[in-house]
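What's counted below: heavy atoms across the whole structure, side chains too, no hydrogens, waters or symmetry copies. Computed from a prediction, not measured in an experiment: that's the story for all the values here.
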Amino acid sequence: MKIQFMGAAQTVTGSCFIIEACGVRFAVDCGMHQGNSAIEERNFDTKNYRAGDIDFILLTHAHIDHSGLLPRIVAEGFKGPIYCTAPTADLATLMLEDSAHIQETEAAWKAKKEKRRNGAASEQKEDVAPLYTVDDARKVAELWRPEAYGKMFEPHPGIQVTYRDAAHILGSGFLEILIDENGKKLSVVFSGDLGRPETLLLPDPSIPQIRPDYLFLESTYGDRNHKNEGMSLDELAEAIEYSRKNGGKVIIPAFAVGRTQELLYSLLLLLHQGRLPEDMPIFVDSPLAIRATEIFRKYKELLDTPELQEFGGAHRLLPNLHFLLEASESQALNTLKGPAIIISASGMCNAGRIKHHLRHHLWDPASCIVFVGYQAIGTPGRHIVDGAKSLRLFNEDIAIKARIFTIGGFSAHAGQTQLLKWVEDIAADNSKMQVLLVHGESQAQETLANLIREKYGLKVSIPKYLEELELTASGETRSVRVTEAPKLPEVDWSFLLDETEYKLNQLKKKVQNAGSASWEVQAELRDRIVELNREILSILSAKL
């Protein structure tokens with residue numbers, strides 16, 4: 001069995017592992033890379049996926065960092081089945097169409113910006129193409145092959161797959177894969193994103209029913225644990241009280257699927273405890289989150305308890321809860337007076353309506369921003385939680401004066417201790433299992449790897465982006481062949497800074513001759529240099 005790591009290798013986005021076994025080529029997940037522009041450029045470089053040569057895809061869950069490149073792969077020639085659970089199919093259908101709409105909108109905006117900059121000359125250039133279109137996303141929906149938890153199926157002779165409940169979001173699953181290739185048997189578990197025990201909405205994660213030769217384990221929080229739900233509710237109540245007292249807004253960037261629904265239930269708990277003012281309006285400003293909540297109602301039997309199965313009525317139980325579908329309704333929030341709670345997507349602040357709410361409230365010391373999910377490197381959310389003094393939004397530097405809350409207890413990912421306990425349960429009577437850490441940043445992975453080695457004596461590897469491994473099992477022997485990933489291009493800092501210095505000298509010469517120009521021309525030049533200085537200061541203030 002060969003496997004190549006197309007994403008989620010020493011990072012938390014772009015999850016995709018392409019496997020060759022039993023004469024076929026298939027993928028586990030096909031996610032979008034999210035972060036800075038260099039990371040997101042990987043989404044357009046999909047030739048290595050060889051879409052037309054992929055026979056089928058196993059999707060662990062609907063989140064965009066696991067499903068978001070499916071429309072592009074379909075547009076490039078993939079025609080096989082996509083296996084997943086039924087809730088995942090429904091949620092991913094919504095999320096991919098929403099993502100495609102964002103791709104089309106951003107491409108149109110970039111094209112318009114290019115035309116404004118270059119005028120008629122830009123007409124001769126190719127239009128800025130979106131990553132994929134809404135039509136591409138709709139074609140994905142034709143390929144879903146829903147499978148039930150606990151029921152083994154065979155996507156190809158010699159390959160048996162079973163989904164188990166990962167309890168990360170509704171419909172999420174980890175994969176048990178049994179491969180029989182020329183009489184040589186290999187067992188593999190892909191954790192996908194693993195949920196936490198005792199979350200508010202979902203049951204505890206299942207334990208694999210096989211003893212795998214290889215465990216591909218997510219490591220998002222491999223270096224730390226979460227606060228418990230009680231402390232998280234206390235922090236949420238503190239944020240609400242802070243903004244109520246100061247007359248500001250509670251802005252909550254939240255993933256539309258899973259996190260928004262958990263937040264609504266948390267607000268319901270605070271209401272019952274007398275810690276949510278009944279007259280404080282709550283706005284869910286995400287059409288995707290609103291439609292996803294309907295799917296939670298559809299599959300309410302998968303929620304944790306009978307009481308939660310009535311959670312679909314939360315919108316009727318919470319006074320002053322408003323679901324906003326139209327853009328005009330969202331824009332009206334910018335002029336809303338007094339305290340309010342605004343839950344909006346995206347959860348990492350890199351797209352969607354949340355960017356507009358940050359623009360209007362990030363600078364306001366009476367408001368607070370409440371982060372309830374992981375913020376990947378390079379995202380606006382990561383800049384804020386890392387302590388940035390300002391954030392650039394819509395070509396404007398916004399001072400960060402709002403109070404920032406980071407509430408880890410709402411995370412849908414298992415924390416360090418919970419990951420270790422899950423490994424312990426799988427490693428019992430299976431001391432030769434090898435662990436490969438994926439879906440995590442380097443520091444978290446190194447910490448978790450050392451703990452697994454110390455506690456359980458297991459071999460642990462940390463694959464690199466685009467690295468290829470060959471996995472074999474023969475009795476007591478296991479071997480791994482590593483093909484190093486191509487080196488990423490280095491930034492030529494000397495050339496870049498020399499170019500900057502050259503242009504700065506040219507600017508000095510221009511300014512020396514500016515004295516003979518009219519006052520209006522001088523003032524305009526002065527304003528542009530002031531703006532340039534602000535940009536340089538923003539770069540100097542950024543953390544490396």
Side-chain angles (χ1 to χ4, degrees), residues 1-21 25-51 53-54 57-61 63-70 72-73 76 78 131 175 188 190-194 214-223 348 350 374-379 382 413 419 434-449 452 459-471 480-492 544:
M1 167 183 160
K2 291 182 182 178
I3 178 168
Q4 188 172 23
F5 300 85
M6 309 305 292
Q10 300 181 17
T11 184
V12 296
T13 67
S15 183
C16 182
F17 315 114
I18 294 183
I19 299 165
E20 295 180 31
R25 190 168 178 269
F26 65 97
V28 172
D29 288 339
C30 194
M32 183 182 290
H33 300 271
Q34 297 167 303
N36 58 35
S37 59
I39 292 173
E40 293 188 354
E41 192 62 32
R42 293 175 178 176
N43 294 316
F44 289 88
D45 186 17
T46 47
K47 60 181 180 298
N48 288 332
Y49 289 70
R50 291 165 36 211
D53 295 335
I54 298 175
I57 294 174
L58 304 172
L59 181 62
T60 61
H61 64 286
H63 277 155
I64 287 296
D65 63 320
H66 291 255
S67 69
L69 278 187
L70 287 172
R72 185 169 179 87
I73 295 301
E76 292 183 349
F78 172 74
L131 182 62
L175 299 170
V188 182
F190 286 88
S191 73
D193 283 356
L194 195 67
Y214 295 94
L215 170 63
F216 292 81
L217 178 67
E218 75 119 315
S219 50
T220 312
Y221 288 96
D223 58 347
M348 295 185 193
N350 54 341
Y374 190 83
Q375 305 300 308
I377 285 178
T379 60
R382 181 62 169 262
H413 290 268
L419 288 169
Q434 295 187 29
V435 179
L436 295 97
L437 296 183
V438 295
H439 203 287
E441 293 172 7
S442 295
Q443 179 180 328
Q445 292 184 318
E446 291 291 349
T447 301
L448 184 62
I452 293 173
K459 182 176 179 180
V460 185
S461 301
I462 302 174
K464 300 175 184 176
Y465 174 58
L466 294 183
E467 187 172 359
E468 185 179 6
L469 304 180
E470 183 173 327
L471 312 182
V480 178
R481 188 190 73 213
V482 179
T483 303
E484 288 293 330
K487 287 187 177 180
L488 297 175
E490 294 183 0
V491 177
D492 190 341
L544 292 178

Chemist: Considering only heavy atoms from C-beta outward, does the side chain of L471 approach that of Q434 to under 4.5 Å?
Modeler: no
Chemist: Of all the heavy-atom pairs spanning S15 and A8, show the shortest one and how long it is.
Modeler: CA-CB, 3.5 Å
Chemist: Quick one: does V12's side chain get under 4.5 Å of D65's, heavy atoms only?
Modeler: no
Chemist: So which heavy atom on C30 is nearest to which on I73, and how close?
Modeler: SG-CG1, 3.3 Å
Chemist: When you look at I3 and V188, which way does the side chain to side chain contact (heavy atoms under 4.5 Å, CB included) test go after all the steps?
Modeler: CA-CA 12 Å; I3 178 168; V188 182; over 6 Å; no
Chemist: Atom NZ of K464 and atom OG of S442: how far apart are they, to the nearest 0.5 Å?
Modeler: 10.0 Å
Chemist: Do H63 and D193 have side-chain N/O donor and acceptor atoms under 3.5 Å apart?
Modeler: no
Chemist: Under 4.5 Å between any side-chain heavy atoms of L69 and Y49, yes or no?
Modeler: yes
Chemist: Using the ring pair (Phe, Tyr, Trp, His ring centres under 6.0 Å) criterion, which residues pair with Y221? Sequence neighbours excluded.
Modeler: H226, Y374
Chemist: On a heavy-atom basis, which atom in L419 and which in E218 lie closest, and how many Å separate them?
Modeler: CD2-O, 3.7 Å
Chemist: What distance separates L59 CG from H61 NE2, expressed to the nearest 0.5 Å?
Modeler: 8.0 Å
Chemist: Apply side chain to side chain contact (heavy atoms under 4.5 Å, CB included) to T11 and Y465, showing your working.
Modeler: CA-CA 9 Å; T11 184; Y465 174 58; over 6 Å; no
Chemist: Return the set of residues passing salt bridge (Lys or Arg N to Asp or Glu O under 4.0 Å) with E446 (not counting sequence neighbours), or none when no residue passes.
Modeler: none
Chemist: Report the distance from atom CE of M32 to atom CZ of R42, rounding to the nearest 0.5 Å.
Modeler: 14.5 Å
Chemist: Is there side-chain contact between I57 and F78, with heavy atoms separated by less than 4.5 Å?
Modeler: yes
Chemist: After noting the C-alpha distance and the side-chain angles of F190 and D29, does the key distance pass the side chain to side chain contact (heavy atoms under 4.5 Å, CB included) rule?
Modeler: CA-CA 10 Å; F190 286 88; D29 288 339; over 6 Å; no
Chemist: Please find the pair of heavy atoms, one from M6 and one from N48, that lie closest to each other, and give the distance.
Modeler: CE-CB, 3.6 Å
Chemist: Any side-chain to backbone donor/acceptor pair from R25 onto R50? Under 3.5 Å, distance only.
Modeler: yes
Chemist: Are side-chain heavy atoms of M348 and R382 found at a separation under 4.5 Å?
Modeler: no
Chemist: With a 4.5 Å cut-off on side-chain heavy atoms, are K2 and I19 touching?
Modeler: no
Chemist: At what distance, to the nearest 0.5 angstrom, does CD1 of I54 lie from CD of E20?
Modeler: 10.5 Å
Chemist: Rounded to the nearest 0.5 Å, what separates atom CD in E467 from atom CG in L436?
Modeler: 9.0 Å
Chemist: Assert yes or no for the condition that the ring centre distance of F17 to F5 is strictly below 6.0 Å.
Modeler: yes
Chemist: Got a sec, which residues hit side chain to side chain donor-acceptor pair (under 3.5 Å) with N350, two or more places apart in sequence or on another chain?
Modeler: S346
Chemist: Grab the two heavy atoms, one from T447 and one from G222, that are nearest each other, plus how far apart they are.
Modeler: CG2-O, 4.0 Å
Chemist: Please assess H439 against F216 for the test side chain to side chain contact (heavy atoms under 4.5 Å, CB included), listing each intermediate value before the final yes or no.
Modeler: CA-CA 9 Å; H439 203 287; F216 292 81; over 6 Å; no
Chemist: Would you say D45 and K47 make side-chain contact, with heavy atoms under 4.5 Å?
Modeler: yes
Chemist: Looking only at heavy atoms, which two atoms of L131 and N43 are closest? And how far apart?
Modeler: CD1-O, 3.4 Å
Chemist: Just verifying a value: how many Å separate Q34 CD and I39 CD1, rounded to the nearest 0.5 Å?
Modeler: 10.0 Å
Chemist: Would you say the side-chain atoms of S219 and Q445 include a donor-acceptor pair closer than 3.5 Å?
Modeler: yes
